[in-house]
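So the structure is just underneath, and the comments pick up after that.
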Amino acid sequence: VSASDVQDQLDMVEAELQEVDLQIAELQQKKVELNGRRDALLQHLEEACDAAEPSPSSFSKSPRPQPAMNFPWSKEVAQHLKDTFHLPKFRPLQLRAVNLTLSGRDLFLVMPTGRGKSLCYQLPALCSKGFTLVVTPLVSLMEDQVMYLQSISVSAAMLNASSSKEHAKTVLAGLTDPKTPFRLVYVTPEKIAKSKLLMSRLEKAYKADLLSRIAVDEVHCCSQWGHDFRPDYKLLGILKRQFPKVPLIGLTATATRGVLEDCEKILCVRQPITITASFNRTNLYYEVRVKNSDNDASVNDIASLIKTRYREQSGIVYVFSQKDAESVSSELQKRDILAYPYHANMDPSDKSRIHRRWTTNKIQVVVATVAFGMGIDKPDVRFVIHHTISKSVENYYQESGRAAGRDDRPADCIVFFGFSDIFRVSTMVVMETVGQQKLRQMLDYCQNIDRCRCRRSLLAVHFDEVWDDEGCQQMCDTCRHAKEVVATDISQHARQLVHILELAASLDEKMTPLKLVEAWTGRGPAKRRKMIQTTALSRERAEAVVVRLLLKDYLSGDFSFTPYTTYFYIKPGSRAPLLRNQSHTVSMKTCTSTGTGSAGVKAPEGNTSLPDCGDAPKSKKAKAGPH
Ligand SMILES: Nc1ncnc2c1ncn2[C@H]1C[C@H](O)[C@@H](COP(=O)(O)OP(=O)(O)OP(=O)(O)O)O1
Ligand SMILES: [Mg+2]
Ligand SMILES: [Zn+2]
């Protein structure tokens with residue numbers, strides 16, 4: 001046996017080992033999903049128990065009766081709802097949350113934006129002795145809430161970095177006053193972490209039985225897996241350690257099971273009850289479109305949508321950077337659209353002016369970075385267009401969820417999926433521990449890997465929900481247009497691409513994604529063209545193949561750092577060695593469409609299909625097995 005034979009065999013074994021590792025990772029992912037489904041099913045059971053309980057509301061024919069109103073506090077709760085908050089009835093799950101926290105249980109409440117989470121601690125605060133401590137990440141949210149509570153004659157106060165000494169003194173003194181001058185006290189997590197004075201006051205209040213409840217708003221900020229990690233939230237475990245008898249309620253609009261488990265550990269709560277409202281916003285239409293690689297053309301696409309489908313309607317265009325916010329808004333203005341930028345680097349007064357003018361429909365579109373987010377409360381947002389993909393599915397769900405905020409009429413969520421954007425976002429999240437994994441999930445959503453599935457079902461899996469395909473009602477591009485799934489073999493494409501990369505490496509040259517596609521489609525230097533096999537695929541399709549191979553680890557990213565920027569290069573991925581075996585195949589699904597207008601289904605260049613990837617058999621529900 002020759003040394004090179006041994007080397008070849010060794011390579012194959014290494015490759016197989018890598019494949020085994022990948023399979024293990026896939027199974028672990030599957031386990032997480034199944035756990036989530038089990039919990040959701042258990043919750044359905046729990047709801048069935050509520051329904052079976054005799055209660056006044058079970059006489060009405062509502063499909064989901066409210067739990068029974070027979071706790072010692074029930075009368076007071078009903079009274080405050082009507083007389084203090086001026087609301088006719090609870091929304092789904094609010095009363096259950098109120099009852100659970102009033103009965104002293106620790107609770108995580110996961111409910112989409114704008115459904116009324118705040119009421120679930122504001123109302124119990126009024127039915128308890130002492131005060132409720134509310135931890136909120138943003139001063140502006142805090143101000144809004146305190147102002148609102150004062151307007152309905154509920155005494156509330158706040159402590160943050162900009163509180164005057166005088167004010168802080170009054171609030172701190174109030175904490176130990178048995179007459180409870182404040183029913184709710186809002187603080188930033190920094191205050192808990194840094195103010196010894198506050199902690200010692202809370203200590204005293206606790207001993208005097210005046211600290212009745214702790215609410216942690218935007219609780220996902222605890223976890224690095226959440227979409228909005230804040231280091232100071234990591235330190236909030238001190239609350240439950242120091243005040244173990246005080247019930248805690250954590251609130252968030254988006255958190256996966258993993259995030260909640262993380263929050264549980266960080267906050268030191270033991271076995272909290274989790275209430276999850278359905279993530280499914282039935283009035284939102286989800287769509288993915290292929291973004292034109294030409295800047296001007298991509299803005300044209302957005303402009304024409306706004307001028308036709310969304311004529312005289314209000315919306316948001318999310319962009320990648322502050323620079324994009326400026327440039328895209330001015331491009332839209334040139335096309336006669338009332339669009340203005342919004343980003344973190346603007347003057348606070350300019351920011352609130354834009355926000356106000358948009359809220360009052362003086363301007364049609366805000367072109368914003370993710371800085372435009374928490375605290376948006378506009379009832380008639382009819383579209384949220386992503387000029388660039390989000391960095392994770394959670395971010396996307398959250399950002400797109402600002403469509404049709406509070407009045408439940410139909411609205412559209414459209415994301416433009418661009419090849420080069422993938423790498424801009426990827427380099428941006430390069431320092432985040434799980435940034436690349438989360439970005440992959442977003443790409444999965446856009447490219448709809450392995451199946452041609454309802455966008456909602458892709459979101460549902462992400463949020464650990466049980467999904468039945470009837471639930472979409474044609475409110476996504478796949479359900480509305482997709483017809484059939486056809487698998488094509490892309491093994492030779494993969495081999496050609498890996499060969500180009502190997503050749504480049506032997507010449508000590510690094511390939512950016514754009515350069516790779518250029519070389520492969522024969523637009524590189526003549527000298528190189530002679531040495532490689534080019535492809536006749538269109539640019540759009542070639543790009544889709546590259547994304548597909550990246551997602552399946554035949555190609556992978558290679559970051560290079562300079563003091564000023566990070567570069568994204570492509571190198572052969574962990575599965576690339578498998579390609580040496582000529583019988584190894586890689587396939588990619590094509591999803592044919594009955595209509596036009598969206599990616600994943602829209603036909604590029606008169607072709608009737610667009611790559612949608614996958615090696616699964618030709619069935620909607622099948623999951624791809626390993627190669
Ligand atoms: N039972 C109810 N009936 C009618 N309106 C309600 C009810 N409960 C709350 N609301 C209103 C009050 C607010 O204007 C609006 C949003 O409530 P809020 O508590 O701010 O949402 P939220 O905290 O769930 O959203 P976010 O995730 O954006 O913070 O809903
Ligand atoms: Mg809220
Ligand atoms: Zn669908």
Side-chain angles (χ1 to χ4, degrees), residues 101 104 106-107 118 121-122 124-126 128-150 153-223 228-252 263-270 348 374-375:
T101 187
D106 290 331
L107 187 66
S118 326
Y121 60 84
Q122 287 170 347
L126 302 183
S128 313
K129 190 171 162 266
F131 67 93
T132 293
L133 181 74
V134 187
V135 183
T136 303
L138 289 184
V139 176
S140 62
L141 287 181
M142 203 177 269
E143 287 168 345
D144 287 351
Q145 292 226 357
V146 171
M147 233 155 61
Y148 162 70
L149 288 169
Q150 284 168 351
S153 309
V154 172
S155 59
M158 58 184 166
L159 276 181
N160 55 50
S162 52
S163 307
S164 71
K165 268 206 174 118
E166 208 54 22
H167 178 74
K169 220 169 133 191
T170 321
V171 177
L172 287 172
L175 298 183
T176 48
D177 183 342
K179 289 203 289 289
T180 322
F182 310 111
R183 308 311 298 269
L184 294 113
V185 178
Y186 287 78
V187 298
T188 49
E190 292 77 2
K191 278 276 160 205
I192 302 281
K194 296 194 184 102
S195 167
K196 289 214 175 72
L197 201 55
L198 173 64
M199 273 317 278
S200 83
R201 283 289 169 161
L202 288 173
E203 205 77 60
K204 266 197 184 145
Y206 179 66
K207 287 203 178 109
D209 249 353
L210 289 171
L211 177 55
S212 68
R213 184 163 291 99
I214 298 166
V216 181
D217 205 5
E218 314 291 347
V219 71
H220 58 271
C221 295
C222 289
S223 166
D228 219 354
F229 173 60
R230 313 242 160 164
D232 280 307
Y233 265 71
K234 271 235 173 265
L235 306 169
L236 294 180
I238 191 171
L239 292 171
K240 208 57 197 178
R241 281 197 305 270
Q242 299 294 96
F243 317 125
K245 284 186 298 193
V246 178
L248 181 145
I249 173 170
L251 309 105
T252 175
C263 297
E264 196 177 317
K265 279 191 212 118
I266 290 162
L267 292 176
C268 301
V269 285
R270 255 183 258 134
M374 285 185 203

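All values reported here derive from a predicted model rather than from experimental measurement.
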Minimum-distance pair of heavy atoms, taken over all atoms of [X] and [Y]:
{"X": "His167", "Y": "Met158", "value": "NE2-O, 3.1 Å"}
{"X": "Val146", "Y": "Ala156", "value": "CG1-O, 3.8 Å"}
{"X": "Tyr233", "Y": "Val135", "value": "OH-O, 4.0 Å"}

To the closest 0.5 Å, what do you measure between [atom1] ([X]) and [atom2] ([Y])?
{"X": "Leu239", "Y": "Arg241", "atom1": "CG", "atom2": "CZ", "answer": "9.0 Å"}
{"X": "Leu236", "Y": "Arg230", "atom1": "CG", "atom2": "CZ", "answer": "12.0 Å"}
{"X": "Leu248", "Y": "Glu264", "atom1": "CG", "atom2": "CD", "answer": "11.0 Å"}
{"X": "Leu141", "Y": "Glu143", "atom1": "CG", "atom2": "CD", "answer": "9.5 Å"}
{"X": "Ile214", "Y": "Phe131", "atom1": "CD1", "atom2": "CZ", "answer": "9.0 Å"}

Below 3.5 Å, can you tabulate the donor-acceptor pairs from side chains in residues 172-188 to any protein atom, sequence neighbours excluded?
from: Thr176; atom 1: OG1; to: Ala173; atom 2: O; distance (Å): 3.3
from: Thr176; atom 1: OG1; to: Arg201; atom 2: NH1; distance (Å): 3.0
from: Asp177; atom 1: OD1; to: Lys179; atom 2: N; distance (Å): 2.8
from: Arg183; atom 1: NH2; to: Ala125; atom 2: O; distance (Å): 3.4
from: Arg183; atom 1: NH2; to: Ser128; atom 2: O; distance (Å): 2.6
from: Tyr186; atom 1: OH; to: Gln145; atom 2: OE1; distance (Å): 2.5

Please check if the side chain of [X] supplies one atom and the backbone of [Y] the other of a donor-acceptor pair under 3.5 Å.
{"X": "Asp232", "Y": "Leu235", "answer": "no"}
{"X": "Lys240", "Y": "Val246", "answer": "yes"}
{"X": "Ser223", "Y": "His220", "answer": "no"}

What I'd like to find out is whether the side chain of [X] reaches to under 4.5 Å of the side chain of [Y], using heavy atoms alone.
{"X": "Leu149", "Y": "Gln122", "answer": "yes"}
{"X": "Leu251", "Y": "Val219", "answer": "no"}
{"X": "Cys222", "Y": "Leu267", "answer": "yes"}

Sequence neighbours left out, what passes side chain to side chain donor-acceptor pair (under 3.5 Å) with [X]? Give chain and number order.
{"X": "Gln242", "answer": "Glu203"}
{"X": "Thr101", "answer": "Arg213"}
{"X": "Gln150", "answer": "none"}

Contacts under 3.5 angstrom, residues 189-197 side chains, donor-acceptor by atom type, not counting sequence neighbours:
from: Ser195; atom 1: OG; to: Leu198; atom 2: N; distance (Å): 3.0

Problem - Pairs satisfying ring-ring contact (aromatic ring centres under 6.0 Å, His included), at least one member in residues 191-212, at least two apart - result: Tyr206-Phe243
